[in-house]
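Each ligand, and each atom within it, is numbered from 1 in the order the structure gives.
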Amino acid sequence: MSDRTYRIVLDCPDRIGIVTRVGEVITNNGGWIKEAAHYSDEENNWFFSRFEIKAESLSFSAEVLAQKFASLQKEFSMNLQVLDTSRPKKVVLMASKGSHCLSDLLDRWKSGDLECDIPCVISNHEDMRGMVEWYGIPYFCVPIDPSNKSVGFAEVERLVTEHETDCVVLARYMQILPPSLCQTLKHKVINIHHSFLPSFIGAKPYHQAAERGVKLIGATCHYVTEDLDEGPIIDQDVVRVKHSDKVEELVRRGKDVEKVVLARGLRAHLEDRVLVRGNKTVVFN
Ligand SMILES: Nc1nc2c(c(=O)[nH]1)N[C@@H](CN(C=O)c1ccc(C(=O)N[C@@H](CCC(=O)O)C(=O)O)cc1)CN2
């Protein structure tokens, strides 16, 4: 028996009857609902929903299923997508000189923990080439010239397009993406910021934290926007630190949190459990 699944994710102005009407479209076509989750944001009068359907219970493709919702979408002013789990998402990883997040994601991918394709890794340095090519993944070094960043980012965009990328992950990639790239890849670029946002935005957050004398440090996985480290948050976590911990200890302890939070956030994205509205997310379990 195939576990191929169609995922329906939607959001719309809240009203009575949304789940019933969506369910009718599914069941009237013989669809078998495996899982469903819903959230009513009463403060903003907005509704979010996610269904998983046994693909084998339907005699047509995800594209055709999406078409069957066309009239409902119009009636309910619905944003709706239908995803087919048989086509793994193409995820391009980007890194600079830090290896901990990149190596963690590559290992999780290799072990099958992260169900996606990784068509290539892009970096602005050569340092990670050996590790990445050990996994049999193409590596592209695209230096970013501080005096003319547009040339490098044009090449990044070309590579992302050429590899039909569904998602870009900044695994401690230490360059600020230009607004044009953020717009082109809206809600498709995931970053791990090494602080518990909104604290310590920008460069060197562990140094900022050490200077502030915090008792908790953390990491934040978020979608990338042109507003640095202020995009919709997907996942976060923290770890305690002591007054006697120097910044080197904060960096050491922080790396473990960064890896876990980035992997958890990416998995939520890959499983289509993250819905974005404005600068906030709904993340279904
Ligand atoms: N458009 C965006 N780009 C990036 C974001 C983002 O939210 N929006 N997140 C950063 C990640 N990051 C912290 O997590 C970060 C990376 C780099 C810098 C920075 O000041 N970089 C300098 C260059 C530093 C160097 O050359 O080593 C710069 O870009 O001028 C701040 C924060 C990733 N990109």
Pairs of nitrogen or oxygen atoms, one from ligand 1 and one from the protein, closer than 3.5 Å: please tabulate them with distances.
residue: ligand 1; atom: 1 (N); partner: Leu177; partner atom: O; Å: 3.0
residue: ligand 1; atom: 1 (N); partner: Thr225; partner atom: O; Å: 3.1
residue: ligand 1; atom: 3 (N); partner: Leu177; partner atom: N; Å: 2.9
residue: ligand 1; atom: 7 (O); partner: Asp229; partner atom: N; Å: 2.7
residue: ligand 1; atom: 8 (N); partner: Thr225; partner atom: O; Å: 2.8
residue: ligand 1; atom: 9 (N); partner: Asn191; partner atom: ND2; Å: 3.4
residue: ligand 1; atom: 9 (N); partner: Asp229; partner atom: OD1; Å: 3.2
residue: ligand 1; atom: 14 (O); partner: Asn191; partner atom: ND2; Å: 3.4
residue: ligand 1; atom: 14 (O); partner: His193; partner atom: ND1; Å: 2.8
residue: ligand 1; atom: 21 (N); partner: Met174; partner atom: O; Å: 3.4
residue: ligand 1; atom: 26 (O); partner: Gln175; partner atom: NE2; Å: 3.0
residue: ligand 1; atom: 29 (O); partner: Lys149; partner atom: NZ; Å: 3.2
residue: ligand 1; atom: 29 (O); partner: Ile176; partner atom: N; Å: 3.1
residue: ligand 1; atom: 30 (O); partner: Lys149; partner atom: NZ; Å: 2.9
residue: ligand 1; atom: 34 (N); partner: Gln175; partner atom: O; Å: 2.7

Under-4.0 Å salt bridge between Arg273 and Glu271: yes

Residues His38 and Arg50: side-chain donor-acceptor under 3.5 angstrom: no

Donor on one side chain, acceptor on other, Asp113 and Ser111, under 3.5 Å: no

Note: Arg21-Glu24 ion pair, threshold 4.0 Å (strictly below): yes

Arg158 and Glu155 ion-paired at < 4.0 Å: yes

Electrostatic pair Arg4-Glu56, nearest N-O below 4.0 angstrom: no

